[in-house]
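Handing you this structure, nothing more for now.
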2 protein chains.
Amino acid sequence: MNFKEFKEKWTPIVDDYLKGHLTSEVSDKKISQIMSYSVMAGGKRLRPLLFLATLDALKVKINEEEVRIASGIELIHTYSLIHDDLPAMDNDDYRRGKLTSHKKWGEAEAILAGDALLPMGIEWISDGSNSVKLVKIITQAVGPNGMVGGQYLDIDSTNNDSVANNSAFINKMEWLKTGCLIKACVAMAVEYGNADSSQKKTLIQFAENFGRSYQIYDDLVDVVETSAEAGKKTHKDLESGKNNTLTLLGVSRSRKELTDLMLDAQNCLKSIDATVLAGFLDLYKKVL
Amino acid sequence: MNFKEFKEKWTPIVDDYLKGHLTSEVSDKKISQIMSYSVMAGGKRLRPLLFLATLDALKVKINEEEVRIASGIELIHTYSLIHDDLPAMDNDDYRRGKLTSHKKWGEAEAILAGDALLPMGIEWISDGSNSVKLVKIITQAVGPNGMVGGQYLDIDSTNNDSVANNSAFINKMEWLKTGCLIKACVAMAVEYGNADSSQKKTLIQFAENFGRSYQIYDDLVDVVETSAEAGKKTHKDLESGKNNTLTLLGVSRSRKELTDLMLDAQNCLKSIDATVLAGFLDLYKKVL
């Protein structure tokens, strides 16, 4: 099975699971509706698919437990988007072509929708895996030494010229903000699928390259795509004073950096039969 | 050991654990400082002590693992206070006699401090217990069917006269907002301490009475104490259009309700040797 077939098989299954369980497992209809609005807003399900594709590379059969873990990851990712879009943070009105949660439902409602999605996501991961090791991986990846730490550095450094040329700082911030959760998707699958030490090394290296490159890709989308294509406001990083790899290196050197990381990620997968995982890198073609 | 001795023994141990580990386990000094500011703002450590006192009733020896779980609960409680105080929520400037997180550090910083404390709290509970059952209890207690659900009903019903006389709605909202997490402290100890079915029944009943009564107590503090005594703005529930047991029943009937629940909670503990737990109810004397 190639990436496209894998994606076409599992995306609707994850979508159905999310939709069904956000209805059946949240007792208040209105909160359920607010949570579902953002979760079902047409995301690519990249992180759940990455978890499932890593299991596939490890020959683990995917059943409902594995789909529950994958869907839990998406709940957590969605929480992070809702909070990132808040007026006090990036203040975005549109996401995936729809009004952001706070524009649609109100600011308190958006904060609470995020606050509800995070523990529920961890619950699903814990339930599906029955493993405190997976709980450790996910809580660390999204905590102060992971995603939230990166978001803090982003907020703290916006409009701060002193870090504009500090590539170590920018690398660290982007890694924490985006890379940590992506790596965790693979790391959870590696743990869950009982990978041997060689598989583990290979897959984690792939995840680190993919996680690092994904933020550069996302920054490039901001300048290469129109708002209609991206489903959110684009060309805004520079005007809002954001410091990132793109503002540091410019478009052509960012593309070069992305290409290099992509090749490194491809090389990681040479020793393992992982056609589906390799297909994730094709995503980058649209900005190269 | 009585409640006062127990409290005096364990409060500084929990305080030291929180202070030390928020420094050693959060790599970015500034985020660590923002998180610590609210966690170390002088809370009573009621929920950690309740967890530890329940273990004590079950004759479980308290070591570092148990203190890690107890401290994890306090991280989660602190996250909920930081988010509740936000301008979009209750918009409070003071908490425990100090500026609230968003007044001190900024709104984005306060949102992120909460977002960092929640997963770290779950991580500590998971680490200390090595039990997915405890992860299940805590994530459910603070998710959309627990604390966040209650907070949503609170926000949604503020200045909504149609629920002002709806005691079922108010009971439900207050239970979710406050009772669920309090019950979870006892439920986690019951699970962790391998309580037998009779101990479990007794302790959970106590927790339900205590959890329900605690919100009534907290509402009474709002009218009975001055701002200086409470360390936060008081007399504000009525003026801000909040609906709660107090606005429903008035002061004297709320006191009667609190007394009844207190007696029920005392009765629950008759069959078990739980001097320390019984001492939690003395807290209410200052509003009765």
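The chains referred to below are lettered A, B, ... by the order of the sequence lines, with proteins before strands, and numbering in each begins at 1. All values below were derived from every heavy atom in this structure, side-chain atoms included, with hydrogens, water molecules and symmetry-related copies excluded.
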For B:Ser131, is it the side chain, the backbone, both, or neither that has a heavy atom closer than 4.5 Å to a heavy atom of chain A? backbone

For the atom pair OH (B:Tyr79) and CG (A:Leu118), what is the distance rounded to the nearest 0.5 Å? 7.5 Å

So, taking the atom named NZ in B:Lys136 and the one named CH2 in A:Trp124, what distance separates them when rounded to the nearest 0.5 Å?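 Separation between the atoms: 10.0 Å.
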
Identify which part of B:Met147 has an atom lying under 4.5 Å from any heavy atom of chain A, answering side chain, backbone, both or neither. neither

Starting at OG1 of B:Thr139, measure out to CE of A:Met120 and round the result to the nearest 0.5 Å.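 Those atoms lie 9.0 Å apart.
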
How far apart are the C-alpha atoms of B:Leu112 and A:Met89, what are their side-chain angles, what is the distance that settles it, and do they pass the side chain to side chain contact (heavy atoms under 4.5 Å, CB included) test? CA-CA 9 Å; B:Leu112 291 172; A:Met89 312 279 263; 3.3 Å; yes

To the nearest 0.5 Å, how far apart are NZ in A:Lys172 and OG in B:Ser27? 5.5 Å

Contact part of B:Asn130 toward chain A, heavy-atom cut-off under 4.5 Å: side chain, backbone, both or neither?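 For B:Asn130, backbone and side chain are both near chain A.
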
About how many Å separate CD of B:Gln151 and CG of A:Asp115, when rounded to the nearest 0.5 Å?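 It is 9.0 Å, given to the nearest 0.5 Å.
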
Name the one of B:Leu86, B:Val148, B:Ile155 that satisfies side chain to side chain contact (heavy atoms under 4.5 Å, CB included) with A:Ile111?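 So, applying the side chain to side chain contact (heavy atoms under 4.5 Å, CB included) to A:Ile111 and each of B:Leu86, B:Val148, B:Ile155, only B:Leu86 qualifies.
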
Do other residues, nucleotides or ligands put more than 12 heavy atoms under 6.0 Å from B:Lys103 NZ? no

Which answer fits B:Ile34, side chain, backbone, both or neither, if we ask what part of it has an atom under 4.5 Å from a heavy atom of chain A?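 Contact with chain A: side chain only.
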
For a 4.5 angstrom cut-off between non-hydrogen side-chain atoms, does A:Ile31 reach B:Asp156?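 The answer is no, as the side chains (C-beta and beyond) never meet within the 4.5 Å cut-off.
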
Output the distance between atom CG (B:Asp28) and atom CG (A:Asn145), rounded to the nearest 0.5 Å. 8.5 Å

